[in-house]
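Presented below is the structure to which this report refers.
Below, chain A is the first sequence line, B the second, and so on; all start at residue 1. Values in this document were obtained by computation on a predicted structure and should not be read as measured data.
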There are 2 protein chains.
Amino acid sequence: MKPLSIKDIALKAGVSITTVSFILNGKAKEKSISDAVIKKVQKIITESGYKPNQVARSLRTGNTNIIGLIVEDISNSFFSRIARLIEDKAYKKGYKIIYSSTENKIEKAQELINIFKSRKVDAYIISPVKGLEEDIQVLIDENIPVILFDRNLPELKTNYVGANHFEASYQATESFIKQGKKNIALVTTDIDVQQIAERFEGYKKSILDHTISYQKDLVLNIPFKQNEDETITQIIALLTNSNVDAVLFATNYLAISGLKALKQMGKKIDSNFAVIGYDDHEAFELHTPSISTIQQPLEEIAEAIIKLILAQLSSKAKLPDQKIVISAKLILRN
Amino acid sequence: MKPLSIKDIALKAGVSITTVSFILNGKAKEKSISDAVIKKVQKIITESGYKPNQVARSLRTGNTNIIGLIVEDISNSFFSRIARLIEDKAYKKGYKIIYSSTENKIEKAQELINIFKSRKVDAYIISPVKGLEEDIQVLIDENIPVILFDRNLPELKTNYVGANHFEASYQATESFIKQGKKNIALVTTDIDVQQIAERFEGYKKSILDHTISYQKDLVLNIPFKQNEDETITQIIALLTNSNVDAVLFATNYLAISGLKALKQMGKKIDSNFAVIGYDDHEAFELHTPSISTIQQPLEEIAEAIIKLILAQLSSKAKLPDQKIVISAKLILRN
DNA sequence: TTCGTTTAGTAAAACGTTTTACTATTTGAT
DNA sequence: ATCAAATAGTAAAACGTTTTACTAAACGAA
């Protein structure tokens with residue numbers, strides 16, 4: 001009971017394989033196949049339910065119509081939402097997504113690129129890890145479309161789509177200052193990516209620009225691999241030992257941990273103590289009181305990514321690289 | 001600058017393609033290739049960085065080592081978490097995941113199955129929509145491994161992994177009753193899947209078993225496609241017009257909407273009014289007060305799915321179908 | 001009538017593997 | 001010395017497409 005092949009269809013229709021192929025690919029007119037034959041073959045195709053074998057097709061044409069998506073963790077809502085938006089848009093153009101999570105490990109990411117390469121994916125969408133530069137450069141050299149997103153690797157000449165993290169955390173910090181906050185803490189992570197660095201820089205610059213002195217011990221660097229309980233403990237320590245009156249969290253997961261810490265401490269968010277999160281999360285709006293946050297425009301980011309990818313895929317020549325930086329929005333909730 | 005092929009390696013090593021292939025596939029010993037040749041060829045392979053073309057391999061062997069994952073919406077945290085767990089486990093066995101979201105639309109789901117079919121995925125993991133029975137039956141008839149999860153299609157003889165929704169909502173309702181609640185509402189959805197029906201049945205049975213009379217107007221059926229504002233309005237109406245003292249929400253998104261509704265109403269959750277959600281969500285723990293919920297054991301579900309899949313994939317003969325029902329846990333938070 | 005053009009279609013190579021069936025040499029037992 | 005078995009390896013078919021280069025017939029203009 002093997003699936004039908006183009007050969008079977010050709011046999012049934014009494015024409016050559018070539019003819020069937022031309023008809024399947026809409027080249028019938030151009031190749032001067034008569035209407036009668038076209039109709040006959042098409043009838044047989046629909047009646048038999050024949051579907052071309054994409055694997056064979058890919059081998060012959062070199063295109064798989066698959067886009068590889070490499071993210072840190074697909075179960076993180078930021079990535080899963082982006083993935084969904086990208087999937088939708090890609091699907092409409094006949095592309096499918098194959099994805100994998102790197103867990104922020106270089107070796108895992110490298111392996112993924114290799115696997116995707118041998119699978120001959122047509123293009124890559126990567127939220128990269130530092131240390132991946134060489135591997136990505138190889139892809140670029142082979143003229144395979146690559147779009148980085150969320151995190152940039154500045155030394156790489158390629159496409160990038162992401163939010164303006166510097167500006168966003170600058171503004172968030174500034175909003176604290178305008179509320180009269182004096183001791184503004186930043187809870188961030190130690191993963192070494194540009195985007196996290198930018199969030200720190202925006203915070204620092206804002207503090208210095210407003211003639212508040214920058215206090216190093218108000219910045220908490222949480223080790224990436226650390227388990228949550230430990231993180232909560234550290235946040236509690238930060239908040240008990242000092243007179244912090246505002247906290248900016250650099251990722252949504254840190255903010256969630258932060259809120260848990262506050263809950264454990266019994267510390268309330270009110271006019272004396274303010275909090276801003278990063279990347280929206282349903283818990284923020286629902287929290288009592290609602291939590292303000294820096295919101296990345298997911299839809300716009302996904303849109304930009306897919307536009308870049310499709311442009312590359314449909315153009316024979318290599319297109320000029322683009323770095324697209326989209327403003328994040330500070331959502332102030334009372 | 002085409003990538004290296006097995007031919008190039010054979011040429012460089014001065015052996016036949018066959019020999020290289022045997023070495024690549026670990027059949028060298030069995031096919032009596034000398035150690036000297038094996039070493040030489042392996043050296044050339046690692047030095048040149050040659051990676052076999054998986055597309056060609058798939059065409060020849062008929063196996064793609066790709067598992068198709070079809071869910072309602074990958075951005076829903078229940079599915080994205082499951083996806084991540086499945087991905088991890090599959091990855092370790094050399095399988096990759098290709099996924100797509102059905103948005104609960106039959107046509108979309110059918111199309112997805114067709115696309116995956118022409119892509120020759122080795123196995124399917126499907127959270128199905130009603131109406132997909134025939135299409136899935138075709139897969140089963142072709143002897144392709146299929147695992148349904150989350151939602152069962154009872155008339156289909158195939159594998160299924162899911163939680164015991166009847167039991168879970170029975171227990172949740174019972175816990176309300178033990179707290180002395182008299183007017184327990186259920187907020188559920190109108191999507192026509194067994195799993196949702198079971199949640200309703202568990203609720204109803206529990207009410208009747210405890211000699212409380214079942215009040216039809218305490219069950220709110222939210223249309224699936226409805227936007228959230230409308231849903232919130234309906235929930236508010238339910239809660240203002242009656243003397244409801246407890247609410248069970250049948251999905252996590254409904255619970256989130258419910259909490260938003262309560263916030264808008266200014267209604268507090270306390271000893272006079274209790275709430276239980278479904279499928280955990282970070283917002284539940286963080287909420288003030290914390291929200292009790294029915295938690296599906298994601299890890300166990302993913303584990304069961306992958307175990308079934310791998311068993312099928314590695315056995316030539318068709319294995320007997322299994323329906324695995326895992327107890328959900330009622331997490332009571334104060 | 002002749003010959004270039006258009007129409008209608010096909011044969012066969014190619015994509016990069018795996019695998020079957022084969023050959024040639026060496027070994028070892030009698 | 002003979003021959004079966006083991007060792008070491010290879011040629012070529014096959015997987016299911018697309019595409020290039022070709023042929024044969026019909027047409028139209030001179």
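A search for side-chain contact (heavy atoms from CB on, under 4.5 Å) contacts involving A/S16 returns A/T18, A/T19, not counting sequence neighbours. B/T46 pairs by the side-chain contact (heavy atoms from CB on, under 4.5 Å) definition with nothing, not counting sequence neighbours. For the salt bridge (Lys or Arg N to Asp or Glu O under 4.0 Å) test, residues two or more places apart in sequence or in another chain that qualify with A/E103 are A/K105, A/K108, B/R84. With sequence neighbours left out, B/Y124 forms a ring-ring contact (aromatic ring centres under 6.0 Å, His included) with no residue at all. A/Y91 is linked by a side chain to side chain donor-acceptor pair (under 3.5 Å) to B/E111, counting only residues two or more places apart in sequence or in another chain. Considering only residues two or more places apart in sequence or on other chains, B/K117 meets the salt bridge (Lys or Arg N to Asp or Glu O under 4.0 Å) condition with none of them. Taking the side-chain contact (heavy atoms from CB on, under 4.5 Å) definition, one finds that B/Q322 meets it with B/N159, B/L308, B/I324, sequence neighbours left out.
One end of the helix from C/dT1-D/dA30 to C/dT30-D/dA1 points its axis 50° away from the other end's axis, with each axis taken from 5 pairs and the angle rounded to 10°.
OP1 or OP2 of D/dT10 lies within a sub-4.0 Å distance of a side-chain N or O belonging to B/T19. Between C/dT10 and A/S16, a contact under 4.0 Å exists linking OP1 or OP2 to a side-chain N or O.
Among the atoms of the strands shown, only primed sugar atoms or phosphate atoms (P, OP1, OP2) are found under 4.0 Å from some heavy atom of B/S34. A/V55 comes within contact range of no nucleotide atom at all, as no heavy-atom separation falls under 4.0 Å.
One can place CD of A/E30 at 13 Å from P of C/dT7, the figure rounded to the nearest angstrom. Between the CD1 atom of B/I33 and the P atom of D/dT7 there is a distance of 13 Å, rounded to whole Å. Rounded to whole Å, atom P of C/dC15 lies 11 Å from atom CG of B/D8. The distance between atom CD1 of B/I38 and atom P of D/dA8, rounded to the nearest whole Å, is 10 Å.
For the pair B/K130 and B/D192, the salt-bridge criterion is met [side-chain N within less than 4.0 Å of a carboxylate O].
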Walk along nucleotides 16-28 of chain D from 5' to 3' and tag each nucleotide B, S or - by protein heavy-atom contact under 4.0 Å, base first, then sugar-phosphate. BBBBB--------
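Between B/D321 and B/T158, the side chains place no donor N or O within less than 3.5 Å of an acceptor N or O (distance only, hydrogens not considered).
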